[in-house]
Amino acid sequence: MKKRFLTTALCAAMLTGALATPVAAEKMVTVSLYIPSLATYSEEAIAQTEAVMNEHLAEKYGIQVDLQYIEIGNFEQSINLAMTTDELDVTCYFNEFGKLANYANNGQLLDITDYFNNASEEFKTMFTEAELSASKVNDRMYGVVRKYQYGGKEVAVMNKDIVEEMGIDPASITDMESLGEVLYKVHEAYPDMWTLVPQSSADMTWCQSWGKAVGGASFLYTDSPRDTELKSVFESKGFQDFCSYTNKWYNDGLIMSDAISNTMEGSDLVGAGTAFACLHNADIDPLDKLYPNTVVSGDIIAPMAQATDIGNLQYGISSNSAHPDEAFKLLEAIYTDEELIPTLMYGVEGEHWVYNEDGRAALPEGVTTENAPYGGFVASATYPNYTLAPLKDSAVVDDYKAALDSWNESVEVPPYFGWSFDTTKYTDFVTAYANMEEKYFDAVTTGSIPLEDVLPNIQSELESIGFYEIMEEAQTQLDAFLAEK
């Protein structure tokens, strides 16, 4: 069991609301920490957690923290605004589609190379070379990656009642063909039910069989993560094969008719019996534990990583931080401090979470995932390093770090890991491409329209916005990168 640093007196003070800020703390630098929220956090719970963290931070680091939780949908807009002031010190940021390069080139993130080189060995050695590379622009470091499983596999999440009733063997579903065979059988038995629905909104799946976002760019793809020849996603074989299946299934009535305008989560529909199945990305977390009344198929796509999987969520320091030294102290602490991390993630022990009789973290009696006041226990994916948090009672592993290392070792890594294509001089093109892709992508992946019917139009639009010239330049850079490996 992890060492606990709450004293009895502190617990009592917290529960009575009598905890006051020590006079000495008023002289300390307060560092803000911006975290995207995936669940609900009450102001009282944040204040309680802040108070406990600050007692520890004062004693060990001589600093204080100001926790700022922002709903994930508004997070990027909020930090972009906060970075123009000195209100933001340490922040999470997302690095999909080359955003790290944009932050660095715009002067929004602090170059922490020297800070990191002088950090503790514990901090410096916890990251792999690939993880360190993912945090760099022009060989300078602008943040550190979240310690998390990277990559994913694709499975089908299916309604448990129907699977058992029809004697379906989930493990026998290992590709789109075998999935289709099951879908048709279920559709025949339940013709009025949606047989297959998107994973979320109009996204048929978050785990794609084609190599998306090669080089950190939203418009560069390969036929598979093993391939190195760049092309448009619409022209990649893996994407075309996927769309052929979904179009046939859509035309045969298996996929929900309004999939392109769907706003619901597929797993919720499956668990409730409104739909039979949805494709779903998966990793070390057991989906059938997360989603009641569901079972999971075999691996339709084996574990693999895309170029942006490592470092897709990072933590860094705003270049306008008034306290960069103290900000780096906090940055290092939220990755390495075994006493601090459980409180940051789960809240106050004894109040927001407890140790159960098995020594695992659990919600207190009467608290559920729906009414938990501190959302970190419910949804902790955006925190810097979950491997140092106590195991949850729902965990199916005995050691988070061992499970993470084992998973990452099993994931197939593309040869272009570490290569980044700078899109800063192509901003107009990037916008034009995003508009073009938005027009077609969901329509063809949900099967609503056949890809082959609109492919000539897509190719014409790609040519008109200069896609093929830019792709040729990117290919030249990628080939040079691979030649140096």
Side-chain angles (χ1 to χ4, degrees), residues 27-35 53 56-68 79-80 82-95 98-148 150 216 308 310-338 340-341 344 382-385 387-388 417-422 424 481 484:
K27 300 178 181 179
M28 295 181 193
V29 168
T30 297
V31 180
S32 64
L33 173 59
Y34 280 55
I35 303 174
M53 289 180 63
H56 181 72
L57 288 167
E59 179 181 347
K60 191 169 181 179
Y61 304 97
I63 60 174
Q64 300 285 270
V65 69
D66 172 27
L67 293 178
Q68 293 289 331
I79 65 169
N80 274 299
M83 282 179 176
T84 64
T85 72
D86 62 0
E87 296 176 1
L88 189 156
D89 295 302
V90 179
T91 184
C92 173
Y93 61 87
F94 303 102
N95 187 31
K99 288 177 181 175
L100 173 59
N102 291 337
Y103 283 129
N105 293 330
N106 292 337
Q108 294 171 281
L109 286 173
L110 185 70
D111 181 342
I112 64 168
T113 308
D114 294 337
Y115 280 109
F116 186 79
N117 289 340
N118 292 311
S120 67
E121 288 301 309
E122 179 185 9
F123 191 37
K124 290 190 292 186
T125 57
M126 73 163 40
F127 302 101
T128 66
E129 286 301 316
E131 289 171 333
L132 293 175
S133 175
S135 300
K136 293 179 179 179
V137 177
N138 297 326
D139 208 34
R140 302 298 293 179
M141 197 167 181
Y142 290 90
V144 282
V145 305
R146 166 187 58 165
K147 293 300 295 183
Y148 205 72
Y150 55 81
T308 53
I310 292 183
N312 60 2
L313 188 154
Q314 307 189 19
Y315 278 80
I317 299 172
S318 170
S319 58
N320 283 326
S321 169
H323 309 288
D325 293 350
E326 291 82 2
F328 190 82
K329 281 185 182 180
L330 180 65
L331 181 66
E332 184 171 354
I334 60 178
Y335 277 83
T336 61
D337 193 319
E338 294 189 49
L340 184 72
I341 288 171
L344 172 63
T382 60
Y383 288 95
N385 184 9
T387 67
L388 294 184
F417 250 44
W419 175 66
S420 179
F421 183 62
D422 189 353
T424 52
F481 170 82
E484 294 176 358

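- Counting only N and O atoms by type, the side chains of Glu87 and Ser32 include no donor and acceptor under 3.5 Å apart.
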Decide yes or no on side chain to side chain contact (heavy atoms under 4.5 Å, CB included) for Phe123 and Val144, but give the supporting numbers first. CA-CA 10 Å; Phe123 191 37; Val144 282; 4.0 Å; yes
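- Under the 3.5 Å distance criterion, the side-chain polar atoms of Asn320 are left unmatched by any main-chain donor or acceptor of Asp86.
- Put simply, CG on Asn117 and CE on Met141 are 8.5 Å apart, with the number rounded to the nearest 0.5 Å.
- Annotation: side chain of His56 is in contact with side chain of Asp337 (closest heavy-atom distance under 4.5 Å).
- Residues Asp111 and Thr113 bring a donor and an acceptor atom of their side chains to less than 3.5 Å of each other.
- Leu344 places a side-chain heavy atom less than 4.5 Å from the side chain of Leu33.
- With no hydrogens or angles considered, no side-chain donor-acceptor pair links Tyr34 and Asp89 at under 3.5 Å.
- For Lys147, the side-chain hydrogen bond (donor to acceptor under 3.5 Å, both in side chains) criterion is met by Glu131, not counting sequence neighbours.
- When side chains are defined from C-beta on, Tyr103 counts as touching Tyr93, because their heavy atoms get closer than 4.5 Å.
- Looking only at side-chain heavy atoms (C-beta outward), Leu331 and Ile112 come within less than 4.5 Å of each other.
- Gln108 pairs with exactly one of Asn102, Thr84, Asn80 by the side-chain hydrogen bond (donor to acceptor under 3.5 Å, both in side chains) rule, that one being Asn80.
- Taking the side chain as every heavy atom from C-beta outward, Cys92 and Ile35 never approach each other to under 4.5 Å.
- Relative ring orientation between Phe116 and Phe127 is described as tilted, the plane-to-plane angle lying within the 30° to 60° band.
- Looking only at side-chain heavy atoms (C-beta outward), Lys60 and Leu340 stay at 4.5 Å or farther from each other.
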